Amino acid sequence: MPINYYIFLSLALFAVGIVGVLTRRNAIIIFMCIEIMLNAVNLLLVAFSKMHHLKQAATLATAGTNGQIFVFFIMVVAAAEVSVGLAIIVMMFRNVHSVDVNFLNRLKH
Amino acid sequence: MQNALQIVWLVPFFPLIGFLINGLFRKQLSKSLIAVLGSGTVLVSFVISIWIFLQVKNGNSHVAEYFNFISAGPFKIPFAFQIDALSSLFLLIITGVGFIIHVYSTSYMKEETAEHYGRYFSYLNLFIFSMLLLVMGANYVIMFIGWEGVGLCSYLLIGYWFKNTEYNKAANKAFIMNRIGDLGFLIALFLIIAKVGSVSFADVFSKASTLSTTNITIITLLLFVGATGKSAQIPLYTWLPDAMAGPTPVSALIHAATMVTAGIYMIARSNVLYSLAPVSQNVVAIIGLATAILAATIAMKQNDIKKVLAYSTVSQLGYMFLALGVGAYTAGVFHVMTHAFFKALLFLGAGSVIHAMGGEQDIRKMGGLKGKLKITYFTFLIGCIAISGIPPFSGFFSKDAILLSAFGHNKILYGIALFGALLTAFYMFRLLFLTFNGSFRGTDEQQHHLHESPAGMTIPLIILAILAFAGGFVGIPELFMKGGDKLSEFLSPVIPVQQGDGVSSSTEMMLMVISTVLVLLVIIYTWFRFRKYQAVEEKGLGKFLANKWYVDELYEQIIVKPLNKLGAFLNNIIERSVIDALVNGVGKLVNYGSRQVRLLQSGQVGSYVLLMVLSMLLVFVIQFFLRK
Amino acid sequence: MIPVLFIVIPLVSGLALFFFKNEKAGRSWALFSSMITLVVALLGLTLHPDNKYLQFSADWLGSLGSSFSVQVDGMGQILCLLTAVSYPVIFIATWENQYQKSNNFFGLMLLAQAGLMGVFVAMDALLFYFFWELALIPMYFLSSQWGGEKRVQATFKFFIYTFLGSVLMLAGIIYLYTQTPDHSFGIASFYKLGMLLPTPTQNWIFWLFFAAFAIKMPIFPFHTWQPDLYEQSNTSTTMVLSGVMVKMGVFACIRWLLPVVSIASYQWGDLVTSLAVTGILYASLVAIQQDDLKRLVAYSSIAHIGLMCATIFSETSIGFQGVMIQMFNHGINIIGLWIVVDMIERKCATRKISELGGLAQKAPSLAIFALIMALANIALPLTNAFIGEFMMFNGIFSSKITHYNVIFTVLAAISIILAAIYILNMIRKVFYGNSNAVTAAAQDITWNQKLVLSVLVILIIWLGVYPDSLLNLTHDLTDTILKKSDVLPLLMKH
Amino acid sequence: MNALIISAIWGVIMMFSGILLKQKHAIRNVAVAGLILLLLSTVLEMSGTIFFKVDTKGMIVFDRFALLFDTIIFAATFLYLVLSARDMEKVGINYAEYLALIFFILCGITIVASFKSLLLLFLGIEIISIPLYILTGSDKRNLKSNEASLKYLLLGAFSTSLMLMGIALIYGATGSFMSENIAVFKGAPSALLIAGMTLLLFSMAFKASVAPFHFWTPDVYDGAPTVFTSFMATIVKAASFIAVSRLFDEAFGYLQYQWQLWMAVLTAATLLIGNITAVFQQSVKRMLAYSSIAQAGFMMLSLYAMNTDAKEGLLLYIAAYCLATIGIFAVLIKMSDYTFEGFNGFAKSQPLLAATTTILLLSLAGIPLTAGFLSKFYMLRAAIDTHRNFWLVIFAVLMAAVSVYYYFRLIQAMYFREGNAPTIQVSPVFKWTMVFLAAAVVLLGIFPNLLLYWFYF
Amino acid sequence: MSITQILFWFLSVLALFSALMVITSKNPVYSVLWLILVFFAISGHYLLLNAQFLAIVNIIVYAGAIMVLFLFVIMLMNLNKDNEPQKNKWLKLAGALAGGCLLLVLVAALKNAETKSAVAEAGTGDIGLIENLGKALFHDYVVPFEISSVLFLSAMVGAVVLGKKEAEHAN
C-alpha cells in the first residue's frame, strides 16, 4: 500500500474526530472523538514505522521500532487521561446532573 | 584713556537709588523724607547732566562700556552708555523737567498716605531711570531696555490709583499698545543683528551704507512702528489720552519730559539709517502729519481739560515726526525741547486748576478762574501762546523750523501742517478761555474751595513759564541772527546740518508772517466764540470729533472682539472637543475594543475549538498555498 | 563625583523618609537634604564643565553595553542648579501646607528629584531612560495622592500619555543601540552612529524619540494633559512638574535628538517648528480665556516651552544658549508664579480670577511679588526671561536651516503681546480694583514666603542684568552640539 | 537528573505523608523541605555533582540552560509554597495529595525543560497537564471549578491529539523523534515536516496560552482555586515556554524562516488579545489571567527572535514574571473580594503589602528599576536584533503602554480610592517573603547579571 | 487486486464509517459500540502492517478497558437514551465544514509529499513482534517507561482526589 493511503486514512479519521468534537455537546462523546483522533495518530505512526523499517531494514534491523514504541506510550497516556477525564466528568455530573458542555458557561468574557 | 565721562552711570544711578529706597522702605520713611529723596536724587542727576552737557559742549563725547550684557559665542552685546550731543541734551530735558515735576508732585500728592506717597515717588524715579537708560544706551538693546522700562512705568503710574478699574484698564491699554510697538522695534533689532552683526550705534551707522536699501527701509519702518507705539502716532495713539487716568504730574512727565519723546529720540538717533531710506522718511512724515491733524481735530471738541492737552500732545508729536520725516531732525529735537517746556507747563497748570477745582476736570464746569488763580492763569496763558507759535515764544521757533523744512520738502505738506497749527491755536485758546474767562460754572462749594495752589506748585509753573518763553532762543533762525541756531550747531556731531533747505530768506520771512498772522486771527476768533460759554449740543461733524472719530470703538470691533471670539473658540471648541477629545478618544477606543474582544470569550467549549480549528485552517492555507 | 551626589543624596534621604515617624522631623529632613543638594550644586557651578569632579563612570550592565556614566556639562550645570534651587524654595514656600502622610509626600518629592538629576546628568542612553521613568513614577503618586478631586483621572491620563511616549523612545533607543558598531548605549557611540545612519531610518527614529519629548514638553497638540494635571495636582507637585520636569523634554531634544539624528531633525525641523509656533499662539490665545489661575499659568507655560522647542530646531548658537538659560529662567519664574497662586488660593480659598479682586489692598507685598513674577513672565527687560527670549527669538530669526525663519519669528513674537494681555489682565482682576467678600479676609504673606520670593526676585533681576554668569557655562557645549547636529556635511555624504 | 528523580520520589513521599502525618503544617514542612532539596540538588548539578548516573540514550539532557531554568522554577515554587501553601487547606481535604501533584508537575517541568526527544516532550507535557486537570477541579463542590477542569480536560486532550498528529507527521518525514535527528534532516523541508511542525506549534501555543489558542486560559484560571491558578499562571506557563523554545531552537532551528512569520503573527495576536481584553476586566483574578496572556505575548518575542539574547532574556523574563505574579496572587488569595473595588483603600489597611504589591505590579508593567523592565528590554532587543518586522516591536511597546492601564488600576484602587479593604491577618513570614520578592524584583531590575551570570560562568 | 488490498480497503471503509457513526448516532451507548468497531478496524490495520503486539494491546486496552470504562460511566449516568440536546444546526454545519476543510487542506498539502513513492508493504518484517518491542522498550526506552509511571501515579492521585467523598464538606 502506498503510504499516502495511510496518511489520508488517518487524516480522515482525525478530521472525523475533530468534526465530532465540534458538533457534539455530550462531554463523553467529545472525549470519545478525541480517542478517535488518538487512534488515527497511532495508525499513522505504525504505518510510518513500517515505512521506515522498509526503507532502512538493510542498514538497521530494528528501524521503525521507535514508532511502535511511541504508539505504546500514547496508549498508556490515553488510558491515564481517560481515567482522569471520566473522573472529572463524573464529578461534574454529580453536581449538575448533566454532561452537556453547553451548560459550561458560568465562566466567560 | 580713562575718560571723565566714564562716570555717567551716576546719572541713572541716583534715580535708581531713589526708587529702591522709596520702594523698599516706603512704610518706614516719613513723607517729607520721601519727597526729599525722590526729588533730590533727580536733582543730583540733573546737576551731573549739566556737567556732562558742558563736557559735551567742549566737544567731548564718550562711549562707556561696563560689562557684557549678553554674549553668545562671537556675538556680544555690551552694557554701555553713549554720551554725545543728542543724549546729553535729552539728559538735560529729562532730568531738568523731571526734577521740576518731582518738586511739583511733592505738594500735589500731599493728600496721599506715606506708603502710597513713597510708591508714587519710587515709580517716578524709576520712570526717570528708565528714560535715562533709553537715551544713554550705546546700543539698541540698552535703548530697548529703557524703551520697555518707560512702558512699564507708564503702566504703573497710570494705574497708580489701582482701586479704580477704569484706570487699571487704561494702564493695561497703555502697556499693551506699547508692546505692539515694541514688537516692531524687537524685530527691527533682530534684522539689524542678522544684517550687521552688532547692535551698537557706532557699528550700525558705520556699516549702514553697506546694507541694501530694502533692508534699511524695512528696519527703519519697523523702528518707526516702535515709535508709533511709544510716541502715540497713528495707529497706536489711543492709549495716550486714556493715560490721563494717572495723577496730573505723571501726565506731565509722560507727555513732556519722558515717554512720548522716546520715539523722536530713537529716530533722531537713527537719522543715519533714515536718511538712507527715503520711503520710510515719507511714511514717517505722512503718518506724523496725519496724526497731527487727526489729534488736533479731536482736541477741538474735548471738554476734559487733560484730554485736550493729551490730544494736543499727540498732535505736537505728529509735528515732530513730520520734521523727522522731512529730514529736519534738528527741528524735531528742537520741538521736543520746547514742547517739553510748554507742555509740562500746561499740564502742571491744568493740575493746579484741577487741584483748585477739587478734582474737577470738565472745562464746561469751570470758567472765570483767572481771578482766583492768577499765577496759574498767567503761566497757562504763556503756555498757550508758546504752543500756538507766536513769536518770540519758544514754540514759534521750533514750529517754524518744522514748517519751514516741510515747505522746503513739499508745499502740500506745509499747507496741511499750517492748517494744523491753526487748529492748535484754536483748541488751546478755547481751553484757555473756557477755563479762565467768562463766569464760573461750577458748584458753590467748588467756588468757595477755589484757591491759588501752594508755592510748591506755582514755583515750578513760573520756572517752566520762563523756559517756555525763552526756550526757543537756542534755535533762532539764521535769518534773524547769524549763528543763532545754537542747537543744530550743538547737535551737528550727531545730526549733520542740512545745508540750505532751498527756501530763500524772503520766502522764509513771508511764511513766518503768514503763519503768525493766521494764528492771531484764529485766536481772536476763538476769543469771540468762547469768551462767553454757552452749552451746545454737539451734532454731525462735531459729534464725530467729540467721539474721537470712533477710533476706539473701531479697534474694539475689528481687533479686541475677534481676538476674544477666536480665543473662546479655541478654548471651548478646539481644545475641548477636538484635541482633548481625540486624546480621550484613543482611550475610549481601547475600552470599546476591550468590550468587543472579550465577547470572543463566549465560554462555550465548542466555539473555542471552532475558532482554534478555523485559525489552524487559515495558517495552513497561507503556509501551503499562498506563501512562497 | 558631583553628579553621583546629585543622584544619591536625594535618593537616599528620600528613601529614608519613608521610615520616619515624626512628621515635623520629616519635613526638616527633606529641607535639610535639599539644602545639601543645593550646596553641592553651587560647588559644581564653580567648576569648569570639563572638570574631572563633574564626571563619573562605573561599569554597570557590562553585558548590555551600558555603563553608569554621568557627567555634568554646562547645560547639566544649569539644569541641576535649577533642580537644586527649586526644591528648597518649594519646601520653604509651602511650609505651612499640611499633607496627610507628609513623610511619604516629601520622600516621593526627593525621589523625583533624584530622577530629574539623573536625567540631566546621564551620559548613557539606557541610564537616561531609567531616570526618565524614575522621575515620572514618584510624580504619578504625588499628583494622584495629593490634589484636587479629579486628580486621579488627570494624573492617570498624564501618566499613560507620557509612558506611551517613553516606551516609543525606548524602542528607538534599543534600535540605535543595536545599530551602534560597539553595541553600546554610551552617548559617544550614539553621536558617532548619528553620522552613519541613513536618512530614512533617521526619519522614523526621530519620531520615536520626538514623541516622548513632545509629550513631555508638551508641544501642541500633545499638551492636553498639562492644564488638567496642573489644575488638579497640589501646588508643590505642580511646581516640580512645570518648573523642572517639562525641561526634561527640551533638554532631551538638545542632548539626545539633534546630535543623534541630525538629518531628520533638519528635515522635520520646519514641521516641528510650525507645530511649536502654532502652539505658542494657540496657548496664548487660550490662556486669555482662562478663569482658573492654575490653568492660566499652565497655558502660558505651554507657550513658553513652545518657544524653546521652536528655537531648538532653528539650530543656532545664540538660540541654543538662549534655550539653555531660558530653561533655568522659566523654571524660576513659573515656580514664583505658582507660589503666588498657591498663596492666593490659600488666602481666598479659590483660584477663580472672576471671584478675586482688590488683593493689592489686603496683601500689598504679595501683590508686588506677583507683579514682578508676572513681569518676568512676560519677559520685561532687566528680568531674566527677557534675556532668554531675546536670544531665542534672535536664534529663530537668524536660523540658517529654515526658509521660514522670519515668519516663525514674527508669529512667535506676537506672543509677547498676547502674554502681556493675559498676564496683566490677570494681575488687574486679581489684585487691583476693590476687594470683595472673597478677598476681604486675606492676610499678607509671611516671612518665609517673603524670603523665598525675595530669593527668586533676586535671581530674576540678577540674571536679567548679568546673564553672563550662566551664559558663559554653555559656550563650548553649544558649539559641540552644533557641530554634531550640523547636517551639511552629512547631506553631502548621503 | 537529580531534580527529575527527587521530585518524582518526593511526590510519592508527599502521598504517604498524607497518611502518616496528621498535622497540616508538618506536611507543609515536608513539602518545603523537598523543595529546598530540589533547589540544592539542582545547584549542585550545575556545579557538576550528579547523584544519579542514568543512561537516558540522549533522550533527555540537563544542560546549563535547563538547569538554570529548573533553579528559577524551584525557587519560584519554594516562594510560592511559603506564601500560599497554607491556603491550599481551604481548597479541600486532600492537602498532601495536592502537594504531591505539585511535585509530579515539577517532575514534568524538569522533563520538558531538558527533553531531546519528542516522546519525552509528550510525556512531560502530559505529566504536567493531567495533574493540572485534577488541581483545577480540586474544589469539587464549586461548579466553576468543575467547569474549569472539564473545559481544560477537553481542550487539553484535543490539543494533545493535535500535538501527536504533528509528531506523527514529523516522524513520517524524518523517521526519528530525536531533536538532533530532526535537525540534521537535509534537503528542502517536506510538506510532511512543515505540517507536523505547524501542528506542534499550534499545540504548544495552546499549552502556552498563545492567541488564538488561549481561550481556555481565562476560564480555567478563573475557575480553578486561586491558589492553583497562581501556580498554573506562573510556573507551568514558564515551563511550556521553555519547551517551545527548546523545540523550535533545537529541532526546527533550521526552519526558522518557515515559522518565524507565524511566531510574529501569534505574538501580535497574543499581545493584542491579552492587553486589550484585560483592560475591561472587573475581577482582579481574571485581569491577572489576561495579563498572563499579555505577558506570554512578550515572552513570545523571544521565541520569535530565537537568538542568544532571546534565551537569556526568556530566563530573566520568566524569573521576573514568576516572582511578581506569585506575589500578587498570594495577596489576592487572602482577599475576600476579587473585584478591583475589593482593593479600595488597601494601602490604608495593609501599607506594607500594598507597597510590595505595587512594586510587583510596576514590574509587571515594565517600569524601569524593576526586573520586569529589563526582561521586556531583553525581549525587545532580541526582536530588534532580527532586523525585520520592526512593526512588531512598535506594536509591543504600544501594548506595554496599554498594559499600564490595568496594572495601575489596581494601584489606584489600593492607594487613591476610598474604601474599606479587609484587614487580612498574615504571618510575619508572609510579610517578609513579600518584602523579599519586592527586593528581588528591584535587585534584578538593577543588576540582572546576578541571574544571568550563571548562564555563562 | 491482492487480498491485503481488499482487506485494507474494507478495514478503511469500516473504520471511517463506524467513526462517522460514532459522531452521528444519537444514543451514547451506540456511539461507544461503534467506537469499539473503529478500534477493531484499526487493530486490523495493525495486523496488516504486522504490528501484532500493538494490535492486541489496542484491543485489550482500548476496546477492553477504556471503552468498558466509558460504558460504565454512561450507564452510571443512565444517559442511554437518545435525548441528548443538540447543537443548533448552523453550528454543526460550521463544525463539519471546518473539519472537512482542514482535511482537504492537509490532504492537498501532503498528497505530493516526497514520501508518496514510499510504501508500507504488508506482511513482512518482524519489528512488531512482542520480543523486539520488549527489547527496545526495556533497553532503549527504559527512561520514558519509568517516567510514565509518574503519569500513572498522578492519575491515581487524581482519582483519589476527585473520587473521595469530602467529609467536612458533606455535613
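None of the values given here were measured: they were computed from a predicted structure.
Not a single donor-acceptor pair under 3.5 Å links the side chain of B/N571 to the backbone N or O of B/G567. Of the possible polar contacts, none joining the B/S594 side chain to the B/V590 backbone as a donor-acceptor pair under 3.5 Å is found.
Put simply, of B/V597, B/V605, B/L599, the one with the most heavy-atom pairs under 4.5 Å next to chain A is B/L599.
Using a 4.5 Å cut-off between heavy atoms, B/V609 touches chain A through backbone and side chain atoms alike. Looking at A/L107, only its backbone comes within 4.5 Å of chain B, counting heavy atoms on both sides.
Side-chain atoms of B/Y237 and B/V551, non-hydrogen and from C-beta on, do get closer than 4.5 Å to each other.
For the residue pair B/N178 / B/W239, no side-chain donor-acceptor distance below 3.5 Å is found, with atom types taken as modelled.
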